[in-house]
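To start, the structure under review is shown below, and the notes come after it.
All values reported here derive from a predicted model rather than from experimental measurement.
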Amino acid sequence: MKLTLYTSAFCEPCMQTRAVLAEASRLVPSATVTEFDVARETERAESDRIRITPTVIVSTADGREVFRAEGVPTLQQVLVAAAKAV
């Protein structure tokens, strides 16, 4: 299962989201977290239809999106999405 985080510089909610994803990956060791800065990864961000930061996408191992959160997700939201992605 993949947790993808799109961030931008000077984004306070992005820091909060990192903490949520760190806790989620601690609780779900099979989760991999990848972070992309929208300014550095513009093509990827456009391809994933990123409109705001932070945005979190939870995907299955084969890349199927099961959850998307624009803004800071709760730990419970991420864990429920992780269960759907397994």
Side-chain angles (χ1 to χ4, degrees):
M1 171 223 342
K2 301 182 228 175
L3 306 172
T4 304
L5 170 60
Y6 283 93
T7 63
S8 57
F10 309 110
C11 170
E12 179 64 33
C14 294
M15 291 182 225
Q16 297 166 344
T17 302
R18 279 186 200 100
V20 170
L21 296 185
E23 182 63 10
S25 66
R26 186 184 73 76
L27 295 170
V28 184
S30 63
T32 59
V33 179
T34 306
E35 183 175 333
F36 297 105
D37 183 307
V38 295
R40 293 186 181 138
E41 300 283 344
T42 55
E43 288 182 24
R44 179 181 286 276
E46 288 174 9
S47 172
D48 278 343
R49 302 171 325 276
I50 303 305
R51 300 179 307 147
I52 66 168
T53 58
T55 295
V56 174
I57 300 172
V58 178
S59 305
T60 61
D62 64 1
R64 183 177 53 87
E65 183 178 319
V66 297
F67 175 79
R68 178 181 291 244
E70 293 180 332
V72 181
T74 66
L75 179 58
Q76 181 177 354
Q77 288 174 313
V78 175
L79 293 176
V80 168
K84 291 178 184 177
V86 175

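Shown here for P54 and V72, the closest heavy-atom pair between the two residues is CG-N, 4.2 Å. Nearest approach of T60 to A85, heavy atoms of both residues: CG2-O, 3.6 Å. Residues V78 and A24 approach most closely at CG1-CB, 3.6 Å, considering heavy atoms. Here the closest heavy-atom approach between residue S8 and residue C11 is recorded as O-CB, 3.1 Å. In plain terms, the two heavy atoms of A9 and D37 that are nearest each other are N-OD2, 4.1 Å.
Atom OG1 of T7 is separated from atom CG of L5 by 5.5 Å, given to the nearest 0.5 angstrom. Considering OG1 of T32 and CE of M1, their distance stands at 8.0 Å, rounded to 0.5 Å. One distance of note links CD of E35 with CD of E41; it measures 11.0 Å at 0.5 Å rounding.
Checking side-chain atoms of S25 against main-chain N and O of L21 turns up a donor-acceptor pair under 3.5 Å. Not one N or O on the side chain of T42 forms a donor-acceptor pair closer than 3.5 Å with the backbone of A39.
Within the structure, the disulfide bond (SG atoms under 2.5 Å apart) test picks out no pair touching residues 42-86 (sequence neighbours left out).
Using a 4.5 Å heavy-atom threshold, the side chains of T34 and K2 count as separate. Side-chain atoms of D48 and T55, non-hydrogen and from C-beta on, never get closer than 4.5 Å to each other.
Every residue two or more places apart in sequence or in another chain was checked for a side-chain hydrogen bond (donor to acceptor under 3.5 Å, both in side chains) with T4, and none qualifies.
Cluster annotation: V66 and V80 are assigned to distinct hydrophobic clusters (Ile/Leu/Val/Met/Phe/Trp/Tyr, side-chain heavy-atom contacts under 4.5 Å, transitive). Following chains of ILVMFWY side-chain contacts shorter than 4.5 Å, one cannot reach V33 starting from M15, and the two form parts of different hydrophobic clusters.
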Passes side-chain contact (heavy atoms from CB on, under 4.5 Å), L75 versus L27? Steps please. CA-CA 10 Å; L75 179 58; L27 295 170; 4.1 Å; yes
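Clustering of Ile, Leu, Val, Met, Phe, Trp and Tyr side chains at separations under 4.5 Å places V38 together with Y6, F36, I50, I57.
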